[in-house]
Amino acid sequence: MDTARQKLETKDLREWCVRTGEVLNQARDLLDDLNTFPVPNFNTGANLGNSWAAATRAAHALSPSLRPADFMGALSREVAKFPYGSVGIFLASGFAACAEAWGDAPVVRPADLLMAIDAMDRAFKAVSGSDTWEFGLSRLISTVSQQLSELELLTLSQVVDTALVCAQEATIDSADAHGGVGDAGLAGACLIFASLADLAATAEGDAATNVSTVQAMLRDWANRSRIVAESLRHTVPGGEFAATFHFEAMDIPTGKLRDSLRAACSEVLLSLIHI
C-alpha cells in the first residue's frame with residue numbers, strides 16, 4: 001500500500017459518484033427483492049438508484065476544479081429537489097454533511113473523512129429523530145463514528161474499510177434478527193462504501209475488490225431469504241411506509257408530532273425548514 005497517496009480530489013469524488021451510480025443501478029432489482037424490513041415495499045433499489053442518478057447527473061455537469069465541499073453540496077441540492085423515499089432523504093443529508101465538514105479544504109484526507117462521518121452522524125439523527133430503527137442508517141453511522149474513534153493510524157482505506165465492515169455487520173445482523181430478511185437500506189450502504197473503498201484502494205496502489213465481494217454477499221443473502229421475501233410480497237403493509245413533513249417557523253413540537261403519527265406510519269421523517 002502506498003501510504004503517501006492519502007488524498008482524494010474532486011475528480012476522484014466525481015469518479016466515485018459515477019461508478020457508484022452504475023453499481024446501484026446493477027443492484028436495483030436485488031435491493032428491491034431484499035426490501036422486506038421494516039415494511040415489505042420492495043422499492044429500496046428503485047428509490048436509491050433514482051436518487052443517486054440525480055447525483056450522477058449533477059456530477060457529470062460539475063467542474064473537477066471545484067473544491068470537494070462545493071462538489072458535494074451541489075450533489076446534495078440536486079438530490080434534495082426530489083428525494084425518492086427515505087433513502088433519498090438520507091442521501092441528500094449525507095452529501096450535505098460532507099460539504100459542511102470539508103469547508104475550504106482543497107482535497108479530502110483521512111481526517112476529513114472522519115469529520116464527514118461525524119457530521120453525517122449529526123445529520124442523520126436530525127432526520128430520523130431520537131427514536132430510530134434498531135438497524136437503520138442512523139445507527140450505522142453512529143457505530144462507524146465510534147469504531148473510527150478507536151483507530152490510532154489512519155489511512156483512506158482504513159477509514160473507509162471500517163465503515164464498510166460496520167455496514168456489512170449491520171446488514172447481516174438485521175437479517176439474522178428478522179428471520180432471514182433485513183434492512184435493504186443497509187445493503188445499499190454496503191455498496192456505496194464498497195465503491196468508495198475501491199477508490200481508496202486504487203489511490204493507494206492496491207487491488208479494488210470490495211464491490212465484487214459485497215455483490216457476492218448480497219446475492220447469497222437474496223438467495224437464502226427468497227422464500228421469506230416471496231411470502232411477504234403477498235402481504236399488504238400497514239399504513240404508509242414513510243411520511244415527510246415540512247414545517248416553517250418550528251411552531252409545532254416535533255417530538256410530540258412524531259409520536260402522534262407513528263400510529264399510522266411505520267416511519268416518520270421530519271424535514272424542518274427555518275425561516
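The figures here come from the full heavy-atom set of this structure, side chains too, leaving out hydrogens, waters and symmetry mates. Sequence positions, counted from 1, serve as the residue numbers for this chain.
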Verify the distance criterion only: is there a donor paired with an acceptor across the side chains of Q147 and T162 at less than 3.5 Å? no

Ignoring hydrogens and angles, tell me if any N or O in the side chain of D198 forms a donor-acceptor pair with the backbone of T209 under 3.5 Å. yes

Restricting to non-hydrogen atoms, name the atom on I89 and the atom on P83 that form the minimum distance, rounded to 0.1 Å. N-CB, 3.8 Å

Separation between CG of L156 and OG1 of T202, rounded to the nearest 0.5 Å: 11.5 Å

In the hydrophobic cluster built from side-chain contacts under 4.5 Å, what are the other members alongside M115? none

Could you state the interatomic distance from OG (S86) to CG (L48), rounded to the nearest 0.5 Å? 10.0 Å

Do S93 side-chain atoms and A123 backbone N/O form a donor-acceptor pair below 3.5 Å? no

Say you draw a straight line from OG1 of T56 to CD of E78; how long is it, rounded to the nearest 0.5 Å? 10.5 Å

With sequence neighbours left out, what residues match T44 under side-chain hydrogen bond (donor to acceptor under 3.5 Å, both in side chains)? N35

Do you know which two heavy atoms are closest between T10 and P68, and how far apart they sit? OG1-N, 3.3 Å

Exercise: identify the closest heavy-atom pair between S157 and E204: OG-OE1, 2.5 Å

One thing to verify: whether K125 and D121 come together as a salt bridge, which I'm taking to mean a side-chain N less than 4.0 angstrom from a carboxylate O. yes

Approximate separation, where rounding is to 0.5 Å, of L164 CG and L196 CG: 9.5 Å

Have S65 and S63 got a donor and an acceptor in their side chains that come within less than 3.5 Å? yes

Checking side-chain contact (heavy atoms from CB on, under 4.5 Å) for the pair H60/R14: CA distance, chi angles, key distance, verdict? CA-CA 8 Å; H60 280 301; R14 185 166 70 167; 5.9 Å; no

For residues 93-121, which residue pairs qualify under ring-ring contact (aromatic ring centres under 6.0 Å, His included), counting only residues two or more places apart or in two chains? W52-F95

Joining Ile, Leu, Val, Met, Phe, Trp and Tyr whenever any side-chain heavy atoms lie under 4.5 Å apart, the cluster holding F82 also takes in Y84

Grab the two heavy atoms, one from M217 and one from C190, that are nearest each other, plus how far apart they are. CE-SG, 4.2 Å

Check whether any side-chain N or O of S174 sits under 3.5 Å from a backbone N or O of T171 as a donor-acceptor pair, and report yes or no. yes

Donor-acceptor under 3.5 Å (S195 side chain, L191 main chain): no

Criterion side-chain contact (heavy atoms from CB on, under 4.5 Å) on L75 and L91, from CA distance to verdict: CA-CA 9 Å; L75 299 190; L91 190 60; over 6 Å; no

Output every pair passing salt bridge (Lys or Arg N to Asp or Glu O under 4.0 Å) with a member in residues 47-63, not counting sequence neighbours, ordered by first then second residue. none

Tell me the closest heavy-atom pair linking G103 and A69, and the distance in Å. O-CB, 3.1 Å

Smallest heavy-atom separation, C166 atom then T143 atom, equals SG-CG2, 4.1 Å

D12 side chain to L199 backbone, donor-acceptor under 3.5 Å: no

Are any of the side-chain heavy atoms of Q6 and P110 separated by less than 4.5 Å? yes

Note, L137 side chain near V127 side chain (heavy atom, < 4.5 Å): no

Can you name the side-chain hydrogen bond (donor to acceptor under 3.5 Å, both in side chains) partners of D112, sequence neighbours left out? none

Rounding to 0.5 Å, atoms CZ (F71) and CG (L66) come to a distance of 8.0 Å

